[in-house]
2 protein chains.
Amino acid sequence: MAHPGSIRVLLVDDHSVVRMGLAAVLSLDEHIVIVGEAEDGAQALEKFRTEKPDVVLMDVRMPGMGGLEALRALRAVTPEARVLMLTTSELDEDIQRAIEAGAAGYLQKSVTRDELVRAIRCVHAGGRYMPEALTRRLEQLAKRRHLSHREIEVLDGMRRGLSNRDIALALSISEHTVKAHVKAVLQKLESADRAEAVARGFEQGLLRVDE
Amino acid sequence: MAHPGSIRVLLVDDHSVVRMGLAAVLSLDEHIVIVGEAEDGAQALEKFRTEKPDVVLMDVRMPGMGGLEALRALRAVTPEARVLMLTTSELDEDIQRAIEAGAAGYLQKSVTRDELVRAIRCVHAGGRYMPEALTRRLEQLAKRRHLSHREIEVLDGMRRGLSNRDIALALSISEHTVKAHVKAVLQKLESADRAEAVARGFEQGLLRVDE
DNA sequence: CGCCCTATCGCTCGTTCGGGTGATTGCATG
DNA sequence: CATGCAATCACCCGAACGAGCGATAGGGCG
């Protein structure tokens, strides 16, 4: 190692431009050494085994094995791995899942060089790093009433244009019960009708575009 | 200019990491010179006036004035401006809009260094650059019936949970007309009801999560 | 053991939705 | 000029929706 206290970093992002950018930004700090790059989750696991980095900088969205899966897989094998998640999409409850999955921090790609370096140092030192804006979002997410498993299934039925009766058939329950669930969904999502409920579902990440 | 045939490039992206990455990638080519960077649309217009770049590399999504607006504004004043749009979100009909607004090319950030440089040269030479994958998407988009402006307004009403009557009030038209629009939307989106239509709206990028 | 939440089922009733089938105007494209 | 499309308005009607009242049974938790 070039410096005694150097921090060995592994970059994981499917966009080469972003990797180059991170490398360019981080190479300005003499304590940080890029020991490897990976384009997807599988490569990340591979590189982690061979390079044993101190900190992993990982994109959330990647083709194939996504960042969250990779994070979980990594933590399952090596719980002491320090992983800083990076993202472009700010408004997501991926954040929550990332934290639950054991991320040591969560950053947006719009971070300044300074904040990025601070975050890496913080994480390397064993701490957690979370930008203020995101902690605020987290609180919002915690506040929001969350739907039960059944209610989400019903919401998904609505999304697919099914009538209450058809949802009932699909779930093998009575139409009355479906209506009860629909009512609960509408209340919890503060929606006037199923159309708005579906919209809220998308907005809050309960429903996803990629099917 | 360092080289006689050098291409003067302006970078526009709100993520400093991406700008650094692009700068790092492009500075490897001796014919390309970064003459400026901007963080948003307004800055881009400003920089364009002062620097007169040959090619503008612009992100689609930016806070404040988005990339598309900036593109339109730029082309309105300087129709000969050569703008290459960059994006992370692959599945979008922003592409179509970008082309309509006069973009000379459309790239994803996952491009290789090689392709990026080729695209810049191509655009600088007066051509258009469009990755194969995106041309295929464009055809798909062209196939799909697209909603009129009014129909999208009505769809947005549905998304907000408004009844036909309320949409009518909001748009200052009769409820009958709204029903006609709703019917057209349901047909075009092949939806059984407004809930599914809203879902399709999100899936096809007609409606956006960020409000 | 109570308490809360979830899932399930039941009924009524007014409102809204969406299909069917029309029409007219205006604008643009060919 | 004809054709097509968007936007506007109009009527009828059955089916679906959502509100407002319920109830019962099971699981987790203090």
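Below, chain A is the first sequence line, B the second, and so on; all start at residue 1.
Across residues 163-177 of chain B, I173(B), S174(B), H176(B), T177(B) each have a non-hydrogen atom less than 4.0 Å from an atom of DNA chain D (numbered order).
With contacts defined as side-chain heavy-atom distances shorter than 4.5 Å, the pair L116(A)/L57(A) qualifies.
Using a cut-off of 4.0 Å between Lys/Arg side-chain N and Asp/Glu carboxylate O, E196(B) and R200(B) are scored as salt-bridged.
With sequence neighbours excluded, no residue forms a side-chain hydrogen bond (donor to acceptor under 3.5 Å, both in side chains) with T112(A). The ring pair (Phe, Tyr, Trp, His ring centres under 6.0 Å) search around Y129(A) returns none, not counting sequence neighbours. Applying the ring pair (Phe, Tyr, Trp, His ring centres under 6.0 Å) test to F48(B) and every residue at least two apart in sequence or in another chain returns nothing.
Neither OP1 nor OP2 of dA6(D) sits under 4.0 Å from any side-chain N or O of H149(B). Listed pair S148(A) / dA7(C) meets the phosphate criterion, a side-chain N or O lying under 4.0 Å from OP1 or OP2.
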Study note, to complete from the structure: Scoring nucleotides 24-30 of chain C by protein non-hydrogen atoms under 4.0 Å (B base, S sugar-phosphate only, - none) yields -------
Point to revise | Heavy-atom protein contacts under 4.0 Å, nucleotides 22-30 of chain D, coded B base, S sugar-phosphate only, - none | key: ---------
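Distance D193(A) CG to dT16(C) C1': 10 Å, rounded to the nearest Å. Between the C1' atom of dC11(D) and the NZ atom of K183(B) lies a distance of 11 Å, rounded to the nearest Å. H181(B) places its NE2 atom 16 Å from the P atom of dG19(C), with the value rounded to the nearest Å. Atom P of nucleotide dG18(C) and atom CG of L189(B) are separated by 12 Å, given to the nearest angstrom. Atoms CE (M158(A)) and C1' (dC17(D)) sit 11 Å apart, rounded to a whole Å. Whole-Å rounding puts the R194(A) CZ to dA16(D) C1' distance at 8 Å. As rounded to whole Å, 18 Å separates atom P of dA16(D) from atom CG of L186(A).
Taking CD of E151(A) as the start and CG of L189(A) as the end, the distance is 9.0 Å to the nearest 0.5 Å. Rounded to the nearest 0.5 Å, atoms CG (L207(B)) and CD1 (I152(B)) are 8.0 Å apart. Atom OG1 of residue T177(B) and atom CZ of residue R150(B) lie 9.0 Å apart, to the nearest 0.5 angstrom.
Minimum heavy-atom separation, H31(B) to R121(B): CD2-NH2, 3.6 Å.
A donor-acceptor contact under 3.5 Å links the side chain of K179(B) to the base of dG18(C).
For the pair L162(A) and E151(B), both in contact range of DNA chain D, the more 5′-proximal nearest nucleotide belongs to E151(B).
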Check your understanding: Is there a salt bridge (Lys or Arg N to Asp or Glu O under 4.0 Å) between D59(B) and K109(B) once you walk through the steps?
Key -> CA-CA 9 Å; D59(B) 190 15; K109(B) 282 177 184 167; 3.5 Å; yes
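Counting only distance, with no hydrogens or angles, the side chain of R8(B) and the backbone of V35(B) share no donor-acceptor pair below 3.5 Å.
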